[in-house]
Amino acid sequence: MTHPFLALTDSDRDEMLGTIGVATVDELFRDLPEGIRLGRELDLEPALSEQEVFAHVAELAERNADASRELCFLGAGMYDHYVPAVVDAVLQRGELLTAYTPYQPEMSQGVLQAIFEYQTAVCELTGMDVSNASGYDGTSVAADACYVAKHATGRDRIVVTEATNPQVRQVVKTYATGFGLEVVEVAHRGGTTDPGELERAAADAAAVIFQQPNFFGCLEPAPELVAAAAEAGALPVAHVDLLSLGVLEAPGRYGAALALGEGQSAGNFPSFGGPNYGFLAARQEFIRRMPGRIVGETVDTAGERGYVLTLQTREQHIRREKATSNITTNQTLLALGGLVYLTWLGPQGLRELGETCLSLAAYAKQRLAERAGVEPVFATQTTFKEFAVRVGRNAREVVAAARERGVHPGYALGRDYEGMDDVLLVAVTERRTPEEIDRLADVLAEVAG
Amino acid sequence: MTHPFLALTDSDRDEMLGTIGVATVDELFRDLPEGIRLGRELDLEPALSEQEVFAHVAELAERNADASRELCFLGAGMYDHYVPAVVDAVLQRGELLTAYTPYQPEMSQGVLQAIFEYQTAVCELTGMDVSNASGYDGTSVAADACYVAKHATGRDRIVVTEATNPQVRQVVKTYATGFGLEVVEVAHRGGTTDPGELERAAADAAAVIFQQPNFFGCLEPAPELVAAAAEAGALPVAHVDLLSLGVLEAPGRYGAALALGEGQSAGNFPSFGGPNYGFLAARQEFIRRMPGRIVGETVDTAGERGYVLTLQTREQHIRREKATSNITTNQTLLALGGLVYLTWLGPQGLRELGETCLSLAAYAKQRLAERAGVEPVFATQTTFKEFAVRVGRNAREVVAAARERGVHPGYALGRDYEGMDDVLLVAVTERRTPEEIDRLADVLAEVAG
Amino acid sequence: MKLIYEKSQSGRRASALPRHESLTPPPELPEELRRSEPPRLPEVPEFELVRHFTELSTRNFGVDTGFYPLGSCTMKYNPRINERLAALPGFARLHPLQEEEGAQGALELMWRLQEILAEVTGLHAVSLQPAAGSQGELTGLLLVRAYFAARGEAEQRRKVVIPDTAHGTNPASVTMAGYELTPVRTDARGNIDVDDLRGKVDEHTAALMLTNPSTLGLFDENIEEIERIFHGAGALMYYDGANLNAVCGISRPGDMGFDIVHINLHKTFSQPHGGGGPGGGPVAVRDILEPFLPVPAVVRREEGGFGLDYGRPQTIGKVRGFTGPFGVFVRSYAFFRMWGPRLREMSEAAVLNANYVLARLKEAYDLPFDRLCMHEFVVSARSLKKQHGCTALDVAKRLMDYGFHPPTIYFPLIVPEALMIEPTETEAKETLDAFCDAMLAIAREAADEPELLQEAPHRRPVKRLDEVRAAKHPVVTYGFGEHPQPDVEPAPASTQAPTGV
Amino acid sequence: MKLIYEKSQSGRRASALPRHESLTPPPELPEELRRSEPPRLPEVPEFELVRHFTELSTRNFGVDTGFYPLGSCTMKYNPRINERLAALPGFARLHPLQEEEGAQGALELMWRLQEILAEVTGLHAVSLQPAAGSQGELTGLLLVRAYFAARGEAEQRRKVVIPDTAHGTNPASVTMAGYELTPVRTDARGNIDVDDLRGKVDEHTAALMLTNPSTLGLFDENIEEIERIFHGAGALMYYDGANLNAVCGISRPGDMGFDIVHINLHKTFSQPHGGGGPGGGPVAVRDILEPFLPVPAVVRREEGGFGLDYGRPQTIGKVRGFTGPFGVFVRSYAFFRMWGPRLREMSEAAVLNANYVLARLKEAYDLPFDRLCMHEFVVSARSLKKQHGCTALDVAKRLMDYGFHPPTIYFPLIVPEALMIEPTETEAKETLDAFCDAMLAIAREAADEPELLQEAPHRRPVKRLDEVRAAKHPVVTYGFGEHPQPDVEPAPASTQAPTGV
Ligand SMILES: Cc1ncc(COP(=O)(O)O)c(C=O)c1O
Ligand SMILES: Cc1ncc(COP(=O)(O)O)c(C=O)c1O
């Protein structure tokens with residue numbers, strides 16, 4: 001039987017072989033030396049029909065405790081924000097979904113204009129001048145920034161705050177070996193970073209990377225950190241949460257050279273870690289050092305406005321070993337999800353979302369203290385949608401016990417930080433209700449130490 | 001706050017009122033007498049955000065034991081056949097989803113051509129000459145057929161076999177009061193209808209309606225029933241299952257005047273009873289008596305092929321009280337689902353599907369007998385995908401007991417037929433596996449009397 | 001473009017199906033019942049299928065494509081969340097014959113929807129069963145029959161009164177319900193001619209069928225008087241709910257005195273129209289008619305929970321399978337919940353939008369009744385026709401070139417060259433202005449370059465289509481080998497039939 | 001068409017969000033951290049949003065729209081079922097930091113995918129982490145570094161050999177990994193020039209990066225010899241899996257002697273390319289390299305079940321967050337399961353389709369290497385340019401008027417006026433014929449009416465766009481009040497850069 005993904009009938013095959021001038025399909029492979037051929041059938045399970053693959057994969061999905069089955073306060077880099085139906089409706093449009101990079105602009109004005117609109121949204125939120133069409137995720141864009149900084153400053157040290165997402169730090173370190181960069185970390189002091197300490201560490205550094213709000217959910221003294229980095233001649237790089245930028249200041253406003261981060265919270269499902277998108281924006285001066293696709297406005301031969309991939313001389317297909325990056329396939333579709341989502345929110349919605357996160361998180365802090373006697377670790381710090389609490393016993397045990405009660409209470413910080421084995425990082429998005437927060441408090445009252 | 005479903009800003013409103021020449025929106029309603037105004041706010045729960053309505057409605061959905069949560073052998077008119085992903089992918093295309101009846105053909109060639117393709121598919125399957133663009137469901141099209149028969153024959157009696165879906169019979173009777181038609185039923189003999197008996201009943205009847213396979217899942221001697229009806233000068237009307245027509249003869253082939261039925265099994269989800277579509281096809285001679293939309297091929301002023309709604313002089317918007325029906329809004333989108341599904345199947349797939357249903361049902365019969373000692377009621381009859389078994393005690397109790405074990409074993413025929421309180425109608429689609437059938441057998445072994 | 005059948009190649013297929021080689025092959029079917037010749041369904045791979053229907057969709061225009069002011073059809077935006085909700089497995093894969101205990105969520109949703117509809121219509125009981133407005137009409141008239149039959153007035157009351165502005169479904173329903181039609185005139189202000197009416201309503205009258213606001217988009221100013229006339233004569237009043245979008249939260253059919261209402265869920269309460277359907281046509285009734293409603297009824301049980309009640313001895317029976325088009329209910333229910341009591345704003349915006357467009361078009365098109373309109377209005381191209389030979393049809397076709405879906409035309413019948421325009425609430429002022437600019441430009445074109453209109457459309461996938469030819473020589477299926485090749489001798493198209501309702 | 005920002009009106013919005021008036025308002029944020037000016041995001045109602053992006057989509061061309069023979073990108077059909085599966089809540093709403101016990105289904109799927117990829121590549125261990133091929137390359141080279149570092153040869157082996165046909169990502173990755181590039185020539189048959197190679201491989205060589213079949217669509221006939229040279233010199237072999245679609249089930253990189261492979265899941269194993277991504281770039285390695293793979297590893301536990309293993313002391317670390325783009329894995333896994341062992345048919349059809357198109361185009365376009373091709377091939381418009389002044393770019397733009405997406409052009413760099421054509425397996429002969437007819441017609445047009453090509457496209461939403469201007473005066477965001485109005489003085493566009501890879 002002809003496979004549903006093929007159109008090839010026997011008569012097609014014969015005609016085509018005839019035109020080619022060979023007798024069999026095997027002959028087409030005559031350039032392959034005998035010695036390297038497989039010579040047997042692939043050892044894979046028999047082909048399934050769509051109905052069977054649906055049943056099988058749906059059964060696998062059933063065996064996961066996703067946020068629709070378990071009350072979720074997990075964050076730590078990915079968040080259970082609501083993704084409105086319009087996002088999927090747009091992303092499932094075949095013309096967008098099944099197109100590739102808009103190399104041929106006349107065929108791809110839809111995607112090109114959408115990326116241009118996305119770049120604009122990212123620049124508006126971050127206060128930057130230029131954004132690329134997306135990086136892989138919030139970790140790899142941080143590594144990209146290091147490559148920009150290395151070439152922009154000629155220096156070979158990267159400073160990153162300890163209060164920055166551990167996965168970001170790990171990825172930066174991995175790339176750094178290739179880039180020939182040394183990475184140093186600056187410890188946090190009571191949940192945030194000390195500007196003076198940062199400035200000392202930043203001496204002859206190419207870049208200083210910090211996160212706002214930081215991994216503990218605390219608000220860093222961002223303007224001072226940026227000043228400290230600049231003081232030391234290092235590029236200040238702000239790792240930010242797009243959804244915080246309705247209430248928190250734009251990094252560009254307080255002098256960051258680059259602003260980047262994880263885009264998932266804005267328009268993507270967590271999807272067990274991806275696909276998602278990393279956004280990367282910078283001040284004008286770095287435009288020709290940016291990695292990845294950038295869309296620019298131009299005109300056609302009739303003078304009509306149109307959009308094209310631009311500044312391609314930065315890229316691997318032209319610059320090859322001298323390229324600003326090797327990135328080709330990126331995360332455009334997810335970034336489009338971000339654009340649709342941010343358009344859905346609008347400035348008003350973005351601010352309300354931030355305010356709702358702030359009040360729910362404040363409410364959660366209070367309830368956890370009142371009902372469960374669970375206190376914030378960094379009591380004096382201002383937080384956004386996430387905060388750390390001491391649970392009086394090993395946090396992973398607390399997670400396990402709470403999950404048995406249908407609640408995932410958060411992330412056990414001991415997985416990344418010394419001396420925090422009894423600390424839980426609790427994330428509260430607009431998707432949580434006061435009632436759900438009360439339930440968390442009740443569960444923690446039972447299971448916390 | 002402006003509602004997300006409105007675009008009206010305060011400045012828009014003022015400008016517009018100015019252009020209209022009234023001061024307030026209230027003034028626009030000045031033609032409404034004071035006495036009939038509501039004069040208070042509607043007593044409805046406060047507006048919810050999308051996120052909240054999703055949470056609320058999803059929670060309602062969770063409280064249903066659908067076929068993904070409970071092993072389902074329910075049929076009796078609606079079936080758990082697999083609906084491939086391409087169906088939704090097509091139906092969710094906004095240009096099709098959000099269009100209305102193609103009154104303006106130049107704006108609607110997509111839907112018009114699709115309906116033309118649908119009409120062709122229905123005629124190919126049923127062996128008829130003309131199909132409409134859809135009726136409401138498998139019950140209302142039967143009533144439509146009575147209206148056609150009444151005017152075609154000038155007679156005022158309708159004969160319907162007792163082995164025809166009870167809901168079809170009920171709806172025919174409801175409409176009949178309006179049509180001024182008398183409805184008589186012909187009892188089944190051991191699961192099927194006796195042609196002689198039918199012929200006697202059909203004397204001066206306008207139409208004879210029978211179902212193939214009938215409600216018990218048994219194959220009627222359709223050609224003989226049709227002959228009997230014709231003999232009596234009544235129009236033979238076959239109520240058929242599209243998915244059976246890969247293995248069962250086309251009604252047109254054995255002389256039916258009209259062929260109709262429930263389309264759900266071909267491309268629609270059961271969706272607790274709808275929306276679904278009824279298909280209605282007839283021989284050429286009835287084309288000008290057909291109810292509902294019909295699409296025809298024509299040319300444009302440049303001689304190019306195109307499609308339009310045609311024979312509209314049959315319809316209410318032109319014929320008014322003399323129309324062949326009052327139908328306007330129909331089930332086009334669901335019928336398009338049918339077209340996509342039938343295209344997906346193709347002739348090969350349709351035959352295989354029929355064969356798979358046949359073998360699985362045969363296997364089920366055998367297993368139920370072997371493992372659960374549950375025997376077919378009409379042992380000597382040939383069946384397609386559904387069959388009736390005696391379960392040795394009240395079938396509704398058996399259903400309740402089986403459901404506690406996660407299996408819905410089928411439909412309790414006692415709900416519609418005297419003396420069948422201990423009979424279960426078991427449906428087996430291609431979506432069931434031999435393992436699932438074994439599970440049914442095991443459960444029945446436990447709960448059957 | 002090619003038909004899917006013209007892309008078919010024997011041996012190709014889009015589907016793979018589970019096969020159970022292990023099982024014994026099924027018993028041979030009796031010769032005379034076995035399929036003798038395979039149906040010629042298309043044979044295409046999955047990607048050809050997707051491409052074909054994707055391309056078809058690009059040759060179609062929907063609300064998602066642009067402005068769609070099709071009068072009387074209420075082509076408003078359809079929130080995408082509703083599609084996500086209706087597709088939830090708990091709904092989509094729920095069998096309608098599931099036991100009550102296994103369908104509590106679905107039953108509760110229907111019960112809640114009934115409650116909402118009762119409040120919005122100002123009536124007491126609701127049946128969700130009818131599949132569309134037309135079926136709601138027939139259901140309503142059968143309720144009237146049953147009601148009078150129960151009172152022994154079945155023989156006496158044979159007449160149903162309908163104004164000449166009524167939608168075609170009304171008279172058609174009257175006939176299907178076995179009633180006789182009593183037409184009544186429209187007066188100079190566009191209301192029912194009350195004098196004409198008085199003479200026609202008597203002890204033989206069963207009911208009035210009225211759309212209010214009418215298909216002219218005008219609210220009947222004498223509705224209270226009309227109510228007295230009918231109820232005074234012992235007759236019932238039926239409200240065609242197609243125009244409910246004008247009055248939600250402002251005035252309710254029940255408050256106007258109507259006894260039976262059908263609601264077009266797909267109009268006022270937002271269903272994607274799907275190229276012609278599906279819809280939903282619930283009926284709401286005054287308490288006196290409740291006993292006759294279709295079965296089963298969706299009820300809340302004393303003992304808690306929800307159920308289906310078949311115990312209605314006086315019921316008219318069933319008009320459709322099961323309890324109605326459930327997926328439609330999910331969408332409208334979600335729509336209601338997102339509006340809540342603010343629903344009034346929806347109708348206010350709809351009426352404001354309509355009056356704004358009307359105000360801008362007055363100058364260029366004839367206005368049969370110079371009043372404020374409700375959610376829609378009717379203008380006439382009569383002068384354009386007289387002066388420049390451009391008909392309503394020509395205007396409609398020309399609008400296509402401007403990227404708008406035409407309004408309903410040649411309806412209602414009492415207005416010559418009628419253009420029936422319903423913007424709905426979900427359109428931005430910019431869109432309304434662009435449409436008005438186009439309409440005014442077209443009026444000028446009619447004077448300067450009439451053939452621009454008469455030969456329109458110029459920018460669609462096809463030029464004007466020959467509907468006469470289609471009806472004269474009906475080709476309603478693909479003929480495979482014998483399919484006619486279109487002869488290229490062009491033919492002029494024209495029609496004056498109501499288009500758009 | 002307008003930008004979404006140009007449709008924005010202050011006061012409009014598409015979103016409603018839950019508000020909790022009951023809660024005490026949040027603590028004021030410190031002045032210096034508080035947003036000082038709201039971002040100018042678009043303000044549009046929900047239906048404007050849907051219309052805007054729907055219209056944008058109609059100005060875009062995807063595989064669902066038509067033939068997309070973009071060389072090296074494997075634009076095959078993307079089964080719709082995969083979208084349904086990836087969207088299941090059990091996947092879409094699963095948090096990546098969920099405890100292992102709460103993610104068994106997801107972990108099992110990833111483990112099964114690893115097993116399949118190991119079998120298909122003929123290697124031992126797989127890491128799914130890399131987000132795309134390019135990141136897979138970098139990951140692979142970092143593995144090479146770690147491997148030689150562990151052997152104390154880090155300082156000694158600084159060179160990576162790459163043929164001149166290589167994709168740009170290969171040299172770029174080499175630099176990012178801190179290696180030096182050693183280019184090697186292509187011989188007259190389109191294979192690596194083995195003599196040139198011998199002189200360049202020595203104890204300083206860390207690895208070879210090779211795409212096989214190459215970007216010329218040719219399988220390197222000397223692959224066994226090449227393997228001996230590199231392994232003989234103690235170097236490793238890296239396989240760029242972008243062209244794996246040619247050889248699935250026929251010959252495996254592991255069988256060819258490669259030690260490291262990246263797989264572009266979005267090419268060979270069907271991901272919707274999404275206008276540029278997402279993708280997936282898993283790496284498969286020989287056992288000697290397993291210890292260095294990224295963490296965490298997806299493992300099957302002795303005690304049953306599946307888990308994440310961080311215990312890899314020699315790991316290179318992480319290259320991306322969490323365990324990779326999971327949604328991509330769901331799609332490729334489903335794709336694999338629907339093919340099973342028949343996967344070989346996929347590659348056979350891809351190679352057959354490519355050779356068929358090649359055979360038909362030979363006569364009209366220059367063929368740099370007269371051999372059978374694999375899944376794609378490269379022809380040149382060199383003669384068209386010399387004789388008629390029509391470039392590969394002109395041919396590409398003219399193809400648009402025929403309704404086809406152009407092939408990759410000006411790549412690989414060693415072929416002047418290159419046209420790189422990859423039909424993929426999922427195209428019907430009719431489509432291939434229509435494309436070939438168009439290519440041949442265009443070649444004739446070049447002779448008869450060259451400006452038809454030079455001024456193409458003529459039938460797209462925009463005419464040929466000025467890429468030079470875009471790069472000279474970059475406008476990369478909307479300027480709101482100050483946004484430049486396009487001056488209408490037309491400007492000629494032209495580029496010779498690789499387009500399509
Ligand atoms: C005024 C009026 N009445 C009745 C109907 C019939 O409703 P439906 O199309 O839902 O059957 C319509 C719509 O077509 C209408 O506009
Ligand atoms: C030959 C070759 N190598 C590497 C790549 C890079 O892969 P990716 O786009 O997945 O990063 C590509 C595709 O762009 C390619 O064609």
Side-chain angles (χ1 to χ4, degrees), chain B residues 7 12 16 20 31 42 47 60-61 63-68 74 90 93-95 97-101 103 106-107 109-111 120 124 136 139 170 174 178 269 271-275 296-301 303 305-306 310 316-317 320-321 323 326 329-330 332-333 344 346-347 349 358-359, chain C residues 13-15 23 26 38-39 53 56-57 59-64 88-90 92-96 102 105 131-132 134 168-169 171-173 175 177 219 249 272-279 317-318 321-322 325-327 340 356 359 428-429 460 462-463 465 470 475 477-478 486 488 498 500:
Chain B
D12 290 338
M16 292 164 78
I20 298 167
D31 291 347
L42 281 169
L60 289 173
R63 284 200 266 121
N64 300 319
D66 66 87
S68 72
L74 260 177
V90 170
R93 293 280 304 178
E95 300 91 332
L97 181 70
T98 68
Y100 193 34
T101 308
Y103 297 115
E106 299 85 0
M107 299 299 277
Q109 282 303 292
V111 160
T120 304
E124 275 298 309
Y136 300 134
T139 68
Q170 288 167 39
T174 305
F269 287 92
S271 194
F272 202 54
E297 187 173 291
T298 186
V299 296
D300 68 8
T301 49
R305 181 168 80 176
T310 192
Q316 47 73 25
H317 58 288
R320 305 193 54 97
E321 69 273 17
N326 67 345
T329 296
N330 49 50
T332 299
L333 192 71
W344 178 76
L358 279 166
S359 12
Chain C
R13 61 186 298 165
S15 60
L23 301 186
F53 290 104
L56 274 186
S57 73
R59 295 160 64 86
N60 218 64
F61 186 100
V63 173
D64 282 5
L88 290 168
R93 293 196 63 196
L94 180 60
H95 195 288
S134 308
T169 51
S173 300
T175 310
F219 194 92
H273 281 65
K318 287 182 70 59
F322 309 107
F326 179 78
Y356 177 68
K429 179 170 177 301
R460 294 295 306 166
V462 291
K463 304 221 165 305
L465 287 157
V475 178
T477 60
Y478 177 60
V488 230

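Numbers restart at 1 for each chain; the letters A, B, ... are given by sequence-line order, proteins then strands.
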Select, from [options], the one with the greatest count of heavy-atom pairs under 4.5 Å involving chain B.
| options | value |
| --- | --- |
| C:G321, C:A428, C:S173, C:G279 | C:G321 |
| C:G327, C:A14, C:S57 | C:S57 |
| C:G340, C:P171, C:P38 | C:P171 |
| C:K463, C:H273, C:R460, C:R93 | C:R93 |
| C:D64, C:T169, C:L94 | C:L94 |
| C:G274, C:P26, C:G249, C:A132 | C:G274 |

Out of the candidates C:L56, C:L465, C:N60, only one should pair with B:Q109 under the side chain to side chain contact (heavy atoms under 4.5 Å, CB included) rule; please name it.
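One option only clears the test, and that one is C:L465.
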Quick one: of [options], who has the most non-hydrogen atom pairs under 4.5 Å with chain C?
| options | answer |
| --- | --- |
| B:R63, B:E124, B:Q170 | B:E124 |
| B:L358, B:T98, B:T329 | B:T98 |
| B:S68, B:P347, B:G349, B:G306 | B:P347 |
| B:A7, B:G273, B:G94 | B:G273 |
| B:L60, B:T101, B:N326 | B:N326 |
| B:D12, B:V90, B:N330 | B:N330 |

Taking side chain as C-beta onward, heavy atoms only, is [X] less than 4.5 Å from [Y]?
| X | Y | result |
| --- | --- | --- |
| C:P278 | B:L333 | yes |
| B:F272 | B:D66 | no |
| C:S134 | B:Y136 | yes |

Side chain, backbone, both or neither: which part of [X] has a heavy atom under 4.5 Å from chain C?
| X | result |
| --- | --- |
| B:A67 | both |
| B:T120 | both |
| B:T174 | both |

Using every non-hydrogen atom in the two residues, find where B:E106 and C:V462 come nearest and quote the distance to one decimal.
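Looks like CA-CG2, 4.0 Å.
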Which atoms form the tightest heavy-atom contact between B:F269 and C:A92, and what is the distance?
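For B:F269 versus C:A92, the nearest heavy atoms are CB-O, 3.1 Å.
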